[in-house]
Amino acid sequence: MKEFYSKNRERLIEKLNENEMVILFSGKAPRSTADSFYKFKPNKNFFYFTGLKKENFSMTILKTKDKIETKLFIEEPNYDVEKWYGRKLTKENAEEISGIELIEFEKDFKAYINKSVYDGKVEIVYFDLEKLNWDEKNTYVHEFAQEFKDKYLHVKMNTIHNIVSDLRMIKEDYEINQIKNAIALTKLGIEEIMNNLKPGIYEYQAEAVFNFAIMNNGADGNAFDTIAASGKNAVILHYIENENKVKSSDLILMDLGAQFNQYASDITRTLPVSGVFSPRQKELYNIVLSAQKEVIKAMVPGTPFTKMNEVAKEYIATELIRIGLIENKDDISKYYYHGVGHYMGLDTHDLGTRETELRPGMVITCEPGLYIAEENIGIRIEDDILITEEGNEVLSKAIIKEVEDIENFMKNR
């Protein structure tokens, strides 16, 4: 699919002015302990423009009055090293995947940067300098950018993050198909959980069933750490210990997703361990499910992103007053305390601003919930929604979520 990556680079180049350069890195896996390293995950912005998943690669785009020059710098093949750590990509392999014709080895990267600056071709350089919070530690990119700034005081520096965020926020057909494939794998995994769910198993066993199902059918791996939260654990939004034994009276909240070709899925289903919802569980579950349906109806082009959560809160608060759980709508934060959705794509929490209206091509999760700590009940229902010209498409509609469908499935397993 080198045409897809080439098109992404073209869209980026259109946003650059003359004498501007973009420098992106694939990244490097950090050391875990001793001589062990964490599994490498490519920088998703680098992947978006190249399709490459190897460590220690970099890409530059230089736009001048006379030409546009895109270069890829890769690790040089070394047979002695490859005997230990696996084959390197050749220049031919890298070009076939990325569509980039100008390919050099990483050892020549800094010399190329220096020559481009020395020749007066670079007035502004863009790095991927995204930071989620003030205290987040600097990455190699931040350190390299600081080194660049120290060496070339006359060159302005900026972050490419906002430009790339705008590009990635709207999904191409190719991306939507990858997401659909990831969701299909997640469906298989959830159904395997339902087939094997019973009192006395551990949460991590439900997770293991899911992992085997998706990996055995072609997933890259998990889009994120699986949440398998039964009973009281389900009121903890990011519970990932998955170490408790499930009880017959429990609901188990499974928030999980397969990754396919680097694209995520993000689905949550809340299941009765016994196979049957109690009357109270069913009452609360259907409030969450109806709230989700109301939000999905509002997920159409032109709706402000923030409106989705307002719809969820209004519906849930009204229902909680009706059943006597709260007295006024301001009390909803005790039982519903997160946003109703986020962008999804190459990252589970994908790039994109919330200060905008919904547009065709956006893929957004819809995940209202209720968390009743005093009753040891946590319920969340999450689907992945594509905004279309006509309204929306629930990409995960084949994954059952109605009470009757879940109970029938578990009864007939």
Side-chain angles (χ1 to χ4, degrees), residues 1-5 8 24-30 32 36-57 59 74-75 85-89 93-94 96-99 128 164 168 171-193 204 206-228 238 240 242 254-269 342-351 363-365 382-384 386 395-396 398-399:
M1 277 304 300
K2 63 182 179 181
E3 294 82 10
F4 170 72
Y5 306 113
N8 291 344
L24 293 176
F25 300 94
S26 66
K28 182 175 175 61
S32 171
S36 177
F37 287 78
Y38 289 105
K39 184 178 180 180
F40 173 67
K41 295 182 178 181
N43 176 279
K44 292 300 180 71
N45 287 338
F46 181 87
F47 178 82
Y48 183 72
F49 293 112
T50 68
L52 298 169
K53 299 177 284 188
K54 292 290 187 178
E55 293 184 84
N56 299 322
F57 282 19
M59 182 196 74
I74 68 174
E75 288 190 324
Y85 298 108
R87 300 298 181 204
K88 306 288 187 183
L89 273 187
N93 295 150
E96 182 180 358
I97 295 168
S98 68
D128 184 3
V164 178
R168 283 178 52 184
K171 306 299 186 285
E172 300 291 322
D173 289 344
Y174 171 77
E175 297 180 278
I176 294 167
N177 285 333
Q178 306 315 302
I179 293 171
K180 287 180 176 179
N181 288 332
I183 291 170
L185 290 166
T186 301
K187 176 179 181 290
L188 289 177
I190 290 173
E191 289 177 352
E192 278 304 296
I193 291 171
Y204 62 75
E207 177 186 10
V209 166
F210 177 77
N211 290 346
F212 178 80
I214 65 170
M215 295 294 289
N216 197 42
N217 285 282
D220 297 349
N222 298 88
F224 54 94
D225 291 335
T226 293
I227 296 169
H238 292 151
I240 58 172
N242 301 347
M254 302 293 307
D255 189 341
L256 34 66
Q259 178 177 280
F260 182 82
N261 195 23
Q262 298 299 308
Y263 282 84
S265 58
D266 187 2
I267 306 296
T268 306
R269 290 295 183 264
H342 55 78
Y343 294 106
M344 195 192 72
L346 279 171
D347 288 299
T348 305
H349 288 237
D350 211 28
L351 303 185
V363 176
I364 303 170
T365 66
E382 180 180 20
D383 285 285
D384 302 331
L386 169 66
L395 299 178
S396 47
I399 305 176

Side chains of Phe57 and Leu89, heavy atoms from C-beta outward: is any pair under 4.5 Å? yes
For Phe37, side chain to side chain contact (heavy atoms under 4.5 Å, CB included) partners two or more places apart: Arg31
Just verifying a value: how many Å separate Gln178 CD and Gln259 CD, rounded to the nearest 0.5 Å? 11.0 Å
Can we say Asp350 and Lys171 salt-bridge, meaning some charged N sits less than 4.0 Å from an Asp/Glu carboxylate O? yes
Point-to-point distance, once rounded to the nearest 0.5 Å, from CG of Asp266 to CG of Asp347: 12.0 Å
Nearest 0.5 angstrom please: Phe4 CZ to Ser98 OG, how far? 13.5 Å
What's the separation between atom OG1 in Thr365 and atom CD in Glu382, rounded to the nearest 0.5 Å? 4.5 Å
Where do Glu55 and Ser26 come nearest, in terms of heavy atoms and distance? C-OG, 3.5 Å
Chi angles and distances behind the side-chain contact (heavy atoms from CB on, under 4.5 Å) call for Asp383, Arg269: CA-CA 9 Å; Asp383 285 285; Arg269 290 295 183 264; 2.8 Å; yes
Quick one: does Tyr174's side chain get under 4.5 Å of Glu3's, heavy atoms only? no
Please confirm whether Tyr5 and Phe47 have ring centers closer than 6.0 angstrom. yes
Apply side-chain contact (heavy atoms from CB on, under 4.5 Å) to the pair Phe49 and Val164, showing each step before the final yes or no. CA-CA 10 Å; Phe49 293 112; Val164 178; 3.9 Å; yes
ring-ring contact (aromatic ring centres under 6.0 Å, His included) with Phe40: which residues, sequence neighbours excluded? none
Assess whether a salt bridge exists between Lys180 and Asp173, defined as any Lys/Arg side-chain N lying under 4.0 Å from an Asp/Glu carboxylate O. no
So, the side chain of Lys2 versus the backbone of Glu96: is there a donor-acceptor pair under 3.5 Å, distance only? no
Would you confirm whether Asp220, through its side chain, and Gln262, through its main-chain N or O, come within 3.5 Å as a donor-acceptor pair? yes
Can you name the residues that form a side chain to side chain contact (heavy atoms under 4.5 Å, CB included) with Asn211, not counting sequence neighbours? Glu207, Asn222, Thr226
Distance (rounded to the nearest 0.5 Å) between Ile176 CD1 and Asp384 CG: 12.0 Å
Work out which heavy atom in Ile97 is nearest to a heavy atom in Gly51; give both atom names and the distance. CG2-O, 3.4 Å
Mind checking whether Met344 and His349 have side chains closer than 4.5 Å, heavy atoms only? no
Worked verdict on Arg168 versus Asn45 for side chain to side chain donor-acceptor pair (under 3.5 Å): CA-CA 9 Å; Arg168 283 178 52 184; Asn45 287 338; 2.5 Å; yes
Can you find a heavy atom in the side chain of Asn43 that is under 4.5 Å from one in the side chain of Asp128? yes
Over all atoms of both residues, closest heavy-atom pair of Ala258 and Ala219: CB-CB, 4.2 Å
Do Glu175 and Tyr48 touch side chain to side chain, with heavy atoms closer than 4.5 Å? yes
Residue pair Ile190 / Phe210: nearest heavy atoms and the distance that separates them: N-CD1, 3.9 Å
Please report the closest heavy-atom contact between Pro42 and Leu52, naming both atoms and the distance. CB-O, 4.2 Å
Minimum side-chain heavy-atom gap Thr348-His342 below 4.5 Å: yes
Between His238 and Asp255, is a side chain to side chain donor-acceptor pair (under 3.5 Å) present by the stated rule, with each step listed? CA-CA 9 Å; His238 292 151; Asp255 189 341; over 6 Å; no
Measure the shortest side-chain to side-chain distance between Asn56 and Lys28 over non-hydrogen atoms and say whether it is less than 4.5 angstrom. yes
Taking atom CZ of Phe260 and atom CG of Asn217, what is their separation to the nearest 0.5 Å? 11.0 Å
Measure across Arg87 and Lys54 and return the closest heavy-atom pair with its distance rounded to 0.1 Å. O-NZ, 3.5 Å
Test Ile179 against Leu395 for side-chain contact (heavy atoms from CB on, under 4.5 Å), laying out the working first. CA-CA 8 Å; Ile179 293 171; Leu395 299 178; 4.1 Å; yes
Any side-chain to backbone donor/acceptor pair from Asp225 onto Ile240? Under 3.5 Å, distance only. no
Keeping Ser32 on the side-chain end and Tyr38 on the backbone end, is there a donor-acceptor pair under 3.5 Å? no
For the pair Ile193 and Leu256, evaluate side-chain contact (heavy atoms from CB on, under 4.5 Å) and give the outcome as yes or no after the intermediate values. CA-CA 11 Å; Ile193 291 171; Leu256 34 66; 3.6 Å; yes
